[in-house]
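Just below is one structure, and these are the notes that go with it.
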Amino acid sequence: MIFRRLAEQLDELGRRGLIRRRIARQSAQGPRILVDGREYLAFCSNDYLGLANHPRIVHAAIDAARRHGVGTGASHLVTGHSVIHERLEETLAAFLGMPRALLFSTGYQANIGAITALAGAEDAVFSDALNHASLIDGVRLSRAQVVRYPHADLKFLDKALADSRARARLVVTDGVFSMDGDIAPLPQLLELCEHHDAWLLVDDAHGFGVVGPDGRGSPAHFGLRSPRIVYVGTLGKAAGVVGAFLAGAPEVVETVLQRARTYIYTTAGPALLAAAVEASLKLFLEEGWRRDRLRRLTAALKQGLSGAEVRLAPSDTPIQPLIIGGNAEAVRLSGELRERGILVPAIRPPTVPEGTARLRISLSAAHSEEDVSGLARALREVLASGAAVHA
Ligand SMILES: *Cc1c(COP(=O)(O)O)cnc(C)c1O
C-alpha cells in the first residue's frame, strides 16, 4: 500500500506536467556542455561570471588539497575550521565592508541558520511572497509568526510592521529575485526596518558577484550600509564554487555562530573550497570585464527579442525570464529549443506561482554575442511555431 501511494502521487505529478528530469552533464559547467554525447549551448547555470571552471580557481583548490587534504573531519566548532576558512571570512568581510562574516556549506543552510538564530516563537518574520524556498523553510523552522507580504509591497509591509507586537522583527528578502531577476527595493526596505526597529536579511544568492561595484552585491548597488543588514551571499553562483556566508554586525554573526543548528551540527566544508573562493574573489576585482560583458549580453538579448510576442520580465540582471504561463507550453518550448541544440530550463510551480511557468534564461560572461543572438533567433522560431499550432 505504501508503495502504491507513492506511485499514485508520482502519476499525479506526471498528469500535471510537473515531473522533473535531470540531465547528466559529461563536461565541465560552461556555455557549451556535453549531454548524451551532444554539445548544447546552455543558458541554465548560475555561473554568471563564467568562473566555475577557471584555471586559477581550479589551481587554488588543488594547491589547498595538497596542503590540507580533502575532508575536514569535524564541524567548525570542533576541529573542522582551518586558517584557510578563517582567512576567507576576513576577506569576505573586508570585501563587503562589513564587520564580520561566517562561512556555511550551502546557502540553504545559511538562510535556515540565520533565520532560526535571529527569530524565535515570540518574534515575527516578514517575508516577500517571491522569496527563495530556503528562506521560507527557515521561517517555518523558526516558529516565528510569519507575515508574507505581496512582492515588494512596501505599503503592506509598513502597516504589518506597525501592527506587530512581536518581541523582535526580521524582514527577509531575496536581493535579486531568483526566478524574476528584479532587485528588491532595498533602500525603502531598510528605511522601514529603521523606522520599525527590525533586522533586514538580504539573501543575495544572485546579486553577490553580479551587481554593485566590483560585484559587492545588491546593498552596495544602492550604496547602502547599515548594521541592521544581515547579508547572505552564496558561493556556488557567480563565485563559481559552492558554499555561502553570512555577514553583518558582530553581535549578529556571533549569535548565528552560537545558535544556528545548520552551522553547529554539520561538517565544515573542505578548506580547498575556501581557497577556491579566495581565488574567485581576486577575479571579481581583477576581471571587471566579466560584469561589463554580462551587461552588454543582457542588453543584446533584450534587443534580440524586442517586438517578439512573448516578452521578457523586467529585469536588468543576467536572469531573464520569459513568462509563458502554462506548464505544458513552457515544457514544449524548452523541448523545441533542446532539439535545436539550446538548453533553457522550463521553471514550473511550485518554484514559481501557478500560471507563471517560464523559460528562465540565465546569461554568463562566458557566452559570446553570437551565442545570445543564436538564442534570440531560436526563441523567435519556436514561439512562432507555437503560435501556428494554436491558430
Ligand atoms: C541558490 C539559492 C539559495 C541556496 O544557495 P545554495 O548555496 O545553492 O544552497 C538561496 N537563496 C537563493 C535566492 C538562491 O537562488
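Fair warning: this is a prediction, and the values are worked out from it, not measured in the lab.
- In this structure, Asp63 pairs ionically with Arg67, as a charged nitrogen and a carboxylate oxygen lie closer than 4.0 Å.
- Val382 places a side-chain heavy atom less than 4.5 Å from the side chain of Arg340.
- Ion pair Arg228/Asp197 flagged as a salt bridge, since at least one NZ, NE, NH1 or NH2 atom sits closer than 4.0 Å to an Asp/Glu carboxylate oxygen.
- Of the N and O atoms on the side chains of Asp371 and Ser368, at least one donor lies less than 3.5 Å from an acceptor on the other residue.
- The shortest distance between side-chain heavy atoms of Arg16 and Arg348 does not fall below 4.5 Å.
- Between the side chain of His132 and the main chain of Ser134, a donor-acceptor pair closer than 3.5 Å is present.
- The shortest side-chain heavy-atom distance between Tyr265 and Ser75 does not fall under the 4.5 Å cut-off.
- Ser218 and His221 are not linked by any side-chain donor-acceptor pair at a separation below 3.5 angstrom, with hydrogens and angles left out of the test.
- Between Glu329 and Arg332 a salt bridge is recorded (basic side-chain N to carboxylate O distance below 4.0 Å).
- Counted within 6.0 Å of CG on Asp316, heavy atoms from surrounding residues, nucleotides or ligands total 12 or fewer; the atom is thus considered open.
- With Arg25 contributing its side chain and Ile33 its backbone, the two residues share no donor-acceptor pair below 3.5 Å.
- A distance-only check finds a donor-acceptor pair linking the side chain of Arg216 to the backbone of Phe95 [under 3.5 Å].
- Looking at heavy atoms from C-beta onward, Leu379 lies in side-chain contact with Ile361 at the 4.5 angstrom threshold.
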Throw together a table of side-chain donor-acceptor distances under 3.5 angstrom for residues 175-189, partners on residues two or more places apart or in other chains.
residue: Asp180; atom: OD1; partner: Arg358; partner atom: NH1; Å: 3.3
residue: Asp180; atom: OD2; partner: Arg358; partner atom: NH1; Å: 3.2
residue: Asp182; atom: OD2; partner: His151; partner atom: NE2; Å: 2.7

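- Atom CZ of Arg165 and atom CG of Asp163 lie 7.0 Å apart (nearest 0.5 Å).
- A 6.0 Å sphere centred on CD of Gln303 holds no more than 12 heavy atoms belonging to other residues, nucleotides or ligands.
- Counting heavy-atom neighbours within 6.0 Å of Arg38 CZ, excluding the residue itself, gives a total above 12.
- In this structure, the side chains of Leu283 and Leu49 stay at 4.5 Å or more apart for every pair of heavy atoms.
- Using a cut-off of 4.0 Å between Lys/Arg side-chain N and Asp/Glu carboxylate O, Lys155 and Asp158 are scored as not salt-bridged.
- Classification of Glu90 and Arg87 as a salt-bridged pair fails, no side-chain N sitting under 4.0 Å from a carboxylate O.
- Contact annotation: the side chain of Gln29 never approaches that of Asn53 to less than 4.5 Å [non-hydrogen atoms, C-beta and beyond].
- In this structure a side-chain-to-backbone donor-acceptor pair under 3.5 Å is missing from Asp214 to Leu285.
- The side-chain heavy atoms of Phe208 and Phe284, taken from C-beta on, include a pair separated by under 4.5 Å.
- Shown here is Arg167, whose CZ atom has more than 12 heavy atoms of other residues, nucleotides or ligands within 6.0 Å.
- With rounding to the nearest 0.5 angstrom, the CG atom of Leu343 is 11.0 Å from the CG atom of Leu375.
- With salt bridges taken as basic N to acidic carboxylate O contacts below 4.0 Å, one links Arg295 and Asp292.
- To the nearest 0.5 angstrom, Leu161 atom CG is 9.0 Å from Tyr149 atom OH.
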What's the verdict on side chain to side chain contact (heavy atoms under 4.5 Å, CB included) for Trp199 and Val252, showing C-alpha distance, side-chain angles and the deciding distance?
CA-CA 10 Å; Trp199 299 110; Val252 167; 3.5 Å; yes
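- A salt bridge links Arg4 and Glu8; the closest N-O separation between the charged side-chain nitrogens and carboxylate oxygens is under 4.0 Å.
- Side-chain atoms of Ser364 and Asp47 include no donor-acceptor pair closer than 3.5 Å.
- Counting non-hydrogen atoms of neighbouring residues, nucleotides and ligands closer than 6.0 angstrom, the CD atom of Glu287 exceeds 12 such neighbours.
- Arg261 places no side-chain N or O within donor-acceptor distance of the main-chain N or O of Ile112, the cut-off being under 3.5 Å.
- Side-chain atoms of Gln320 and Thr298 include no donor-acceptor pair closer than 3.5 Å.
- Checking Thr351 against Arg20 by side-chain atom types alone, a donor-acceptor pair falls below 3.5 Å.
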